[in-house]
Amino acid sequence: MEAAAEGLWGLADEFEKKGEIGKAVKCLEAICQSHASFLPIVEVKTRLRIATLLLRHSHNVNHAKSHLERSQLLLNSIPSCFDLKCRTYSLLSQCYHLVGAIPPQKQILYKALHLTSAAAPDVSAKLWCCNFNSQLANALIIEGDYQNSISTLESGYVSATQICYPELQMFFVASILHVRLLMQWDDQTANEVERALQRCNQVWETMPSDRRAHCMGLLFYNELLHIFYRLRVSDYKNAVKHVDKLDAAMKQDSKSRGQLTRFTTTTTTSAGNDSLEPTYFGNAKRALQDKLFLAPPPINGEWLPKSAVYALVDLMVIIFGRPKGNFKECDKRIQSGIHIIKEELIRLGITDDVREVDLQHSAIWMAGVYLMLLMQFLENKVAVELTRSEFLEAQEALVQMKNWFIRFPTILQACESIIEMLRGQYSHSVGCYNEAAFHYVEAAKITESKSMQIMCQAYAAISYFCIGDAESSSQALDLIGPVYRMKDSFVGVREEASILFAYGLLLMKQQDLQEARNRLAKGLQIAHVQMGNLQLVSQYLTILGNLALALHDTGQAREILRSSLTLAKKLGDVPTQIWVLSVLTGLFQQLGERGNQMENDEYRRKKFDELQSRLADARSSIYHIELIDKVKLQVQQFHEIDMKRTMAGESMRVNLDIPESVGLSTPMPVPSSSRLVDLDTGRRGKRKL
């Protein structure tokens with residue numbers, strides 16, 4: 001009978017090579033359904049093979065799980081077969097993960113770890129121990145048990161150290177940094193995050209350079225984690241070198257991959273050479289050159305698929321390039337990133353008519369990764385277009401964000417506050433300050449991020465200042481006062497810069513001009529030295545130039561305003577240009593420079609007419625009222641997917657934690673330099689997989 005089994009296995013191989021997966025599965029199931037008696041080990045191997053095919057080529061997870069559960073029962077009666085047992089436990093764990101059955105997944109992994117601890121301490125046993133600890137840590141993360149997850153990863157690190165496997169050591173220390181940085185970081189754990197970061201550096205440096213060169217997955221993983229850390233501590237300058245390193249590595253890898261593709265004669269791989277991807281990274285079959293492995297077999301894991309990592313690198317380039325006005329490069333990266341992501345969403349079955357309720361459970365996590373990335377790209381597109389006063393383009397991108405959120409409200413739950421904030425930014429940009437303040441306040445209510453709350457309160461205060469009446473000024477004071485008093489406790493400089501800007505406006509309203517100047521000068525230093533945000537620098541310079549003029553320091557006012565105008569022109573920031581030109585007109589009038597005053601005012605009117613034309617187009621758009629309307633987003637609740645909601649909600653805690661991608665709303669032109677904060681029409685600028 002063994003000969004018959006061998007023949008059916010061989011036939012199944014041939015069918016798989018031809019892509020006829022259904023026929024391959026039927027060949028193998030013939031063995032399991034036969035009335036003839038096969039040895040238990042033959043049936044186990046056959047069921048393992050069926051499960052592997054189903055997981056690799058279909059979403060039929062329950063069918064695969066049934067075969068693996070039967071294999072486990074058969075293996076209980078066999079005292080040996082260590083490798084078969086480990087393979088069965090590993091695949092069964094992944095099946096439980098795919099269906100969201102975390103308790104039985106943990107149970108099977110504890111059983112597997114008990115098996116490895118009782119085995120001879122050879123390399124094979126330690127490698128399987130690393131596999132099971134990796135999967136167990138992931139299961140614990142989903143349950144929110146971060147401390148035990150870290151302990152489990154530490155156990156994996158010990159096993160990797162015992163067999164002197166630096167790639168696996170790096171995998172585990174990077175995973176520990178991931179948990180501490182993106183899921184567990186607070187004031188009490190900041191030191192542990194720093195130590196985890198240093199540990200990654202130490203392990204990476206101990207790896208021979210020739211081995212590091214073959215660890216592209218670890219390189220991208222490690223460098224991205226370093227970028228996220230630098231973003232969290234607002235160390236933007238040191239983050240840039242990591243972004244540049246990743247961008248160069250991505251371009252080189254793309255070039256190498258293109259060369260490899262030209263010499264590839266077939267796209268199919270045999271089952272013996274193509275290992276099953278860990279299912280918590282998605283269930284789409286991809287070619288080996290499309291993967292960024294984090295660890296060697298039997299882990300073979302990716303953090304994210306290569307396409308997602310590439311998109312993430314593009315996103316990092318955008319986040320660091322946009323504040324510097326590198327819009328041409330940002331446009332290219334946004335277009336590229338959105339194209340990649342939409343292709344991947346189609347591969348996951350997410351077409352125009354698909355909603356959250358329609359998703360296969362096994363596709364939820366991977367869909368969430370790509371959808372969150374898509375929202376980040378669209379968010380940055382809104383930011384770029386509003387900076388350039390391209391209101392129609394900004395509308396379109398923001399409406400896309402809104403529609404994606406309505407279709408996938410659970411997976412994109414973290415984006416609700418971002419959309420509200422962007423509605424505020426759009427409303428402020430087109431001069432609808434009441435509506436802007438409403439959306440900012442709503443965003444602050446929705447978000448759980450303290451940073452986001454502070455930023456939105458600052459934005460709302462600026463919008464209230466722009467309204468200009470006594471009641472609105474009082475509302476602005478109510479928002480700014482409390483957060484200003486706690487500014488020394490802020491972790492990031494973005495929050496401090498936005499609060500100092502709003503507080504400076506408040507002091508100007510109160511005619512405390514010298515103190516306003518001091519606070520705004522401090523904010524300018526943060527924007528320039530620590531953030532490198534040219535748009536924010538331009539806005540700070542404009543208001544400081546206005547202040548210098550009010551304090552009759554005309555020489556400094558002229559110098560500051562010229563610098564601000566240069567930056568605003570570089571950014572294509574028409575509203576800020578108009579604001580600067582308005583203040584310059586007042587300066588020339590005060591100095592009696594009639595010629596400069598007339599020339600400057602003519603240019604100001606030209607820019608003002610240009611802006612008014614764009615505003616008229618924006619206000620006549622079908623999307624305008626929809627975006628500014630003081631109504632929260634309405635989302636349909638799906639009772640059928642309670643379990644999916646739970647799973648997706650937990651999965652989305654494992655996020656990229658990228659800070660807000662929309663910066664600071666700014667005031668607009670003043671009719672006269674003597675009316676310092678009689679602010680007119682407004683402006684803007686940046687947020688978590």
Does any N or O in the side chain of [X] come within less than 3.5 Å of the main-chain N or O of [Y], such that one atom is a donor and the other an acceptor?
| X | Y | answer |
| --- | --- | --- |
| Thr387 | Ala383 | yes |
| Ser564 | Ser538 | yes |
| Glu379 | Ile418 | no |
| Thr566 | Arg562 | yes |
| Ser234 | Val493 | yes |
| His178 | Leu225 | no |
| Asp512 | Leu507 | no |
| Ser620 | Ala616 | yes |
| Gln535 | Leu571 | no |

Decide if atom [atom1] of [X] counts as having more than 12 heavy atoms of other residues, nucleotides or ligands within a radius under 6.0 Å.
| X | atom1 | value |
| --- | --- | --- |
| Glu448 | CD | no |
| Gln525 | CD | no |
| Glu599 | CD | no |
| Glu329 | CD | yes |
| Gln335 | CD | no |

Is [X] salt-bridged to [Y], cutoff N-O under 4.0 Å?
| X | Y | answer |
| --- | --- | --- |
| Lys522 | Glu496 | yes |
| Arg423 | Glu442 | no |
| Arg614 | Asp617 | no |
| Glu610 | Lys606 | no |
| Asp609 | Arg605 | no |

(Q) Under a 3.5 Å cutoff, is there a donor and acceptor pairing between the side chains of Gln425 and Tyr440? (A) yes
Q.
Could you check whether Thr447 and Gln453, counting side-chain N and O atoms only, form a donor-acceptor pair closer than 3.5 Å?
A. no
Q: Check whether any side-chain heavy atom of Leu477 sits under 4.5 Å from a side-chain heavy atom of Lys509, and report yes or no.
A: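 Not in contact.
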Q) Just wondering, do Asp573 and Gln539 contact through their side chains at under 4.5 Å, heavy atoms? A)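 Yes. Closest side-chain heavy atoms under 4.5 Å.
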Q) Which word best sums up how the rings of His624 and Tyr426 line up, parallel for under 30°, tilted for 30 to 60°, or perpendicular for over 60°? A)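 Because their plane-to-plane angle is over 60°, the rings of His624 and Tyr426 count as perpendicular.
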Q: Specify whether Tyr540 and Phe501 have parallel, tilted or perpendicular ring planes, treating 30° as the upper limit for parallel and 60° as the lower limit for perpendicular.
A: perpendicular
